[in-house]
Each structure stands twice: as structure tokens, then as C-alpha cells.
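Here's the structure, in C-alpha cells; my notes come after.
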Number of protein chains: 2
Amino acid sequence: MAIEKDPSAGPTAERRAPGRRAGDHGRYGRLSRELVLTAALGLVDREGLSALSMRRTGAELGVEAMALYRYAAGKDALLDGLVEALYAELEEELAASEESPEWRDELHRIAAATYRVALAHPQVAPLLATRMLAVPLARRPLAVLRDHERVLALLNRAGLDEEATAAAFRAVNDWILGCILGDLRAMVDNPDEPDPAFRLGLHRMPARELPRLRAAAPALARRAGPEGMAVGLDALLDRFAPGAGATE
Amino acid sequence: MAIEKDPSAGPTAERRAPGRRAGDHGRYGRLSRELVLTAALGLVDREGLSALSMRRTGAELGVEAMALYRYAAGKDALLDGLVEALYAELEEELAASEESPEWRDELHRIAAATYRVALAHPQVAPLLATRMLAVPLARRPLAVLRDHERVLALLNRAGLDEEATAAAFRAVNDWILGCILGDLRAMVDNPDEPDPAFRLGLHRMPARELPRLRAAAPALARRAGPEGMAVGLDALLDRFAPGAGATE
DNA sequence: CACCATACGTTTACGACGTATATGTACACT
DNA sequence: AGTGTACATATACGTCGTAAACGTATGGTG
């Protein structure tokens, strides 16, 4: 998972080899930040964000709640850890496919990978919106900052000046996040219900006062998908990074 | 018992105004859904989402926590109520400025108003992302559905077919939400700090491994603002609602 | 070997939380 | 005057985050 070390986790002595010994608690062996985050991520994936508590995460690892505080300064830090885990997964995802020499294609590749990772963890994805608001830029996990760095480098390669780079960066990030949240919205209610219209609880919509919405609802239940995101991304890039290999 | 409460109780001691009936609770008079939501909104605006609890909201109204359950089925419903309150404010905002006959201008007007309302309640705005994921379309507050209906009607007026309408609708919504969250992000840390770069905790950013980010950070601290949102909105509309009064 | 500092997990405790349930209380009717 | 109903309170339970104090195993040092 490639989790960074928690800087708040005291003076880190060299970690022991992964051998088991007496006093080990739980089937996972000795704790580590990565184990804690993995357990938390699994718990949230399975039971949702509201099921995440220090005690339950500890139980997941066969350990008391307080044991986790060595690896995450508190519950908020644990949530931030989930974001970190997602970005770690993004880096794996990016490493798995081939890098493109074209900055625009590369942006598309990053956007698509981000989208995939986020939708693979629908319960965690909302944290991408909320935790980012609670943590200032420079305190965000390194994986997040590296992602930002990557995107900035690409825009820079496109020949944008500082101001235009910032504007394009914002546009790209905002669009990706918006698309992710929007498509998650289309999955709410019962994800197992095959009929998308029913998934949205479409019955009981007052057709009289909301005719267009009633009519459009089945179409709205469809997700934009990576394709929709890509189309919009191109549209935004054409506007915010003009003259630099625009589509059409 | 309502009549003989402890008369020395702080905020409730002087709360009975002349002309009120005995049995009134709190300086706001009898409870109502609107009062509850207003109190909750005020509390969150002042102290943040984490300060919102049934007990504290009740205290705000001079009432026990359980009294709120008549007006909001539980804490989640209270959060949904905050979203509802925001959309109610949006409707006021829209009523305050003049409607445009041009569908595209009208979309801009709606987007700008949404942006204003959201940024006016930075602590509440994240709920626009999170609660929408917890509530299926048809169960969302009426004010939300009316907003959707308005936007759909405008796109319909632009002559889009059903599929294109849905795609454009998603794009518009996703973009607005993304812009709102992105600009809120630029306000985190210390909102009173006049220097935007410092607001982001820019000190302590490892300049070695993140050169572009370090250089771009001051620019990133600036918000896109309604202008940035408007530019992107036009770009998206040009792509998703082609041939219908495109800019340039 | 003996000794100890340190890293790591547990125990205990406290106050706040959401909310189910049962219990008043005041008002609108007859 | 009596009664049903709408409304708020009182009480209680289980869970939460986490501060503080406490063991205990480990690996480095004499």
C-alpha cells in the first residue's frame, strides 16, 4: 500500500523483522501504520464511514482502541489516513499503466485513474471532499502532494504561465472531484437494484410540480462515467490551457 | 415540568417574553421545523459541523434534545435539514435578482447564486457533497428538487434531447459542486491570515521534491471565484450543449 | 550476565453523544 | 368539567473519543 510514516509517531526506532513472537496480538502480528490504515479502510469499505470508530478498528486488529494512537494521532488523523490510502492506491494504479509523453493524454490518464480508485471505494470517496477542507495544503499526505506536483508539472509542460497554471490546476481538480461525487450520487440508495430509476427512489416523485425531473430521472440515474469526465476535461483544458494542443 | 423549571438556569432564566403563554420553551417561542433548522444552521456557522449535536441544538433553543425529534427524525435528518436550509436560501437569492430570458444567462445566474450561498456557509457546504450521497434523489428536500427542475427546464429550452440534457445537467452540477469545494479548500487553515500563501501552511513544504507545488502554492491559494466558475461553465456548456448559443 | 531505557499495548476513567422509552403537561375540543 | 392529543421532559443505555497511568517485552549497554 506504500503508506508514509506518520511524522507524529514519535522517534521511530528501527522496526523489527516481521517474525511473530509471544505477546503478539491478533492474526496480523505487530501493529504498523499500514496495518492500521488497511484495517480501517477494509472496515469502511465493508460497513461504511459511520461504522468506523477507534474501538472497532482496534477490534479488527485484535487490539484495544488506544493502541491505535501510536499510529494515528486521533480519529481525524485516521480519516486523513484513509485519504492517504486512496492516494497510495492511485500511485499504484498510475504505475500499472504506461506513461504518455503527451501532457494532455497524461492528464487524462491521471484523471481516469483517480476516478477508478475513488469509485472503487465509494464509502471513502466523500473524504476526498471533506478532509481536504480540514487539512491545509502543506499538511496533506505526501501522496496527495505528489499528485498535485505531477499535475502541475504537466500543465507547466503545456507552456502555461504561473497564473494560467493555477487556474487550469483548479479547473482540473474541481472537475475530477465533481465528477466523482456526481457519479457516486447516481449510485446511492440500493446499489444492487438493477433498474437505475428505482435506485433513486423514483416512485413517489411528485410528477405534477416536477415534470422535467420526473421525465429525466432515468437518464440522470446513469453515471457520466470516465467518458463523460474525459469530455468535460477536454472542454475545460481547451478553455484554460488555450493553444496547447487543443482538441478539435 | 415546563412551568417550574429551575429558575436559576442560565439562558432560560429570562427567556420568557411578555405576551408568551406559560409553557413556551425558549426565547424563540414554540418550536417549529424552521426554528430548529435555523438554530442548527447558526450553531454550525459559528462553531463548525463537529459542534452540532442534538443536545447543543436543543440548548440553543432552550429545549431538551429529545424535543427536536418531532421536527427532525434524527441527527442525519437534521443534517439533511441544513442542506434544505441552504437551498431555501438559494431560492431567496434567486428571487432577489432578475430572471433572464436567455437560458444560458439564467444558468449562470443560478450557478453564481449557488456559489454565493455555499461560500456564505463554509461549514455547511461540505454537506452538499456528503448528504447528497446518503439521500436518494426522490427523497431530497423539495427545494433541492425544484432547483434540479429549474436547471433541467433551462437545458430543455436549449433544445437538447433527453440524453444530452442529462449529460449537460450532470456536467453543470458536478462543475458547480467541484468549484465550491475547491474554493472552500483555498480558505482552510486560518481564514483570518491575510497572506494566502501562509494560510495554507506553506512553510514546511519540502521544496526539494515538490518544486512546482512550492512555486505554485501562492497562486493556488487564490480562489477561482465566481469568475473562474463562469468560464468553466461556458466551456462545459459549449461542449455539452453544442450549437445552442455557444460563446465565441 | 544484569540492568535499564524505550517502544508498545492495556486498563481505567470521564464526559459527550444518539436515541428508545416512559412520563408529564397544556391546549382545543366537546 | 373532562378528555384526547400535541408537545416537551426525564431517565436510561450503549457507544464514542481520548487523557492518564500502568504494565511488559525488547534490544542495547555495562
Side-chain angles (χ1 to χ4, degrees), chain A residues 5-6 8-36 39-40 43-44 47-81 134, chain B residues 1-7 9 11-12 15-16 20-36 39-40 43-44 47-81 134:
Chain A
K5 256 190 309 190
D6 185 358
S8 72
T12 3
E14 193 35 53
R15 191 126 283 146
R16 259 173 304 275
R20 305 288 302 263
R21 45 200 85 216
D24 272 0
H25 304 275
R27 54 215 156 96
Y28 295 108
R30 199 180 208 76
L31 285 185
S32 71
R33 177 163 171 83
E34 173 156 359
L35 277 174
V36 169
L43 179 57
V44 173
E47 308 196 32
L49 263 183
S50 64
L52 183 72
S53 75
M54 301 301 277
R55 289 177 223 258
R56 288 213 54 190
T57 307
E60 203 83 357
L61 294 159
V63 134
E64 297 303 312
M66 292 309 291
L68 306 178
Y69 279 78
R70 198 171 302 277
Y71 307 97
K75 176 152 193 204
D76 283 351
L78 192 57
L79 292 173
D80 294 336
Chain B
M1 53 176 74
I3 285 194
E4 270 313 343
K5 280 178 92 82
D6 180 1
T12 59
R15 71 182 189 212
R16 221 172 311 272
R20 291 273 169 69
R21 295 155 309 194
D24 272 358
H25 304 275
R27 55 208 153 101
Y28 296 107
R30 199 184 210 73
L31 285 185
S32 71
R33 178 163 170 85
E34 174 157 3
L35 277 173
V36 169
L43 179 57
V44 172
E47 307 195 33
L49 261 183
S50 63
L52 182 73
S53 74
M54 301 302 277
R55 288 177 223 256
R56 288 213 54 189
T57 307
E60 202 84 358
L61 294 160
V63 135
E64 298 302 312
M66 292 310 291
L68 307 178
Y69 280 77
R70 193 170 304 276
Y71 307 99
K75 177 155 190 199
D76 283 351
L78 192 57
L79 293 172
D80 294 336

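Chain letters run A, B, ... following the sequence lines, proteins first, then strands; residues in each count from 1.
Distance, L68(B) CG to dA8(D) P: 9 Å, rounded to whole Å. Residue Y71(A) contributes atom OH, which lies 18 Å from atom P of dT18(D) at whole-angstrom precision. The CG-C1' distance, from L78(B) to dT19(C), rounds to 14 Å in whole Å. A straight line from CG of L52(B) to C1' of dA16(C) spans 14 Å, rounded to a whole angstrom. Rounded to whole Å, atom P of dT18(D) lies 18 Å from atom CZ of R56(A). Summarising the geometry, the separation between NZ on K75(A) and C1' on dC17(C) is reported as 12 Å, rounded to the nearest angstrom. We find that CD of E60(A) is positioned 18 Å from C1' of dG9(C), with the value rounded to whole Å. Residue L31(B) contributes atom CG, which lies 15 Å from atom C1' of dA26(C) at whole-angstrom precision.
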T57(A) and V63(A): CA distance, side-chain angles, deciding distance, side chain to side chain contact (heavy atoms under 4.5 Å, CB included) verdict: CA-CA 8 Å; T57(A) 307; V63(A) 134; over 6 Å; no
Derivation of the side chain to side chain contact (heavy atoms under 4.5 Å, CB included) call for L79(B) and L49(B): CA-CA 9 Å; L79(B) 293 172; L49(B) 261 183; 4.1 Å; yes
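The phosphate of dC8(C) (OP1 or OP2) has no side-chain N or O of Y69(A) nearer than 4.0 angstrom. Contact annotation: S53(A) side-chain N/O to dC16(D) OP1/OP2 distance is under 4.0 Å.
Closest to the side chain of R70(A), from the set dT9(D), dG9(C), dA6(D), is dG9(C).
The backbone N or O of Y71(B) sits less than 3.5 Å from a side-chain atom of R33(B), completing a donor-acceptor pair.
Smallest separation of non-hydrogen atoms from A67(A) and L31(A): CB-CD1, 4.0 Å. Among all heavy-atom pairs drawn from M54(A) and Y69(A), the shortest one is CE-CE1, 3.4 Å. L52(A) approaches K75(A) most closely through the heavy-atom pair O-NZ, 2.9 Å.
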Contacts under 3.5 Å, N or O only, protein and nucleotides 11-14 of chain C:
none

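One finds a salt bridge joining R56(B) and E47(B) here, because a Lys/Arg side-chain nitrogen approaches an Asp/Glu carboxylate oxygen to under 4.0 Å.
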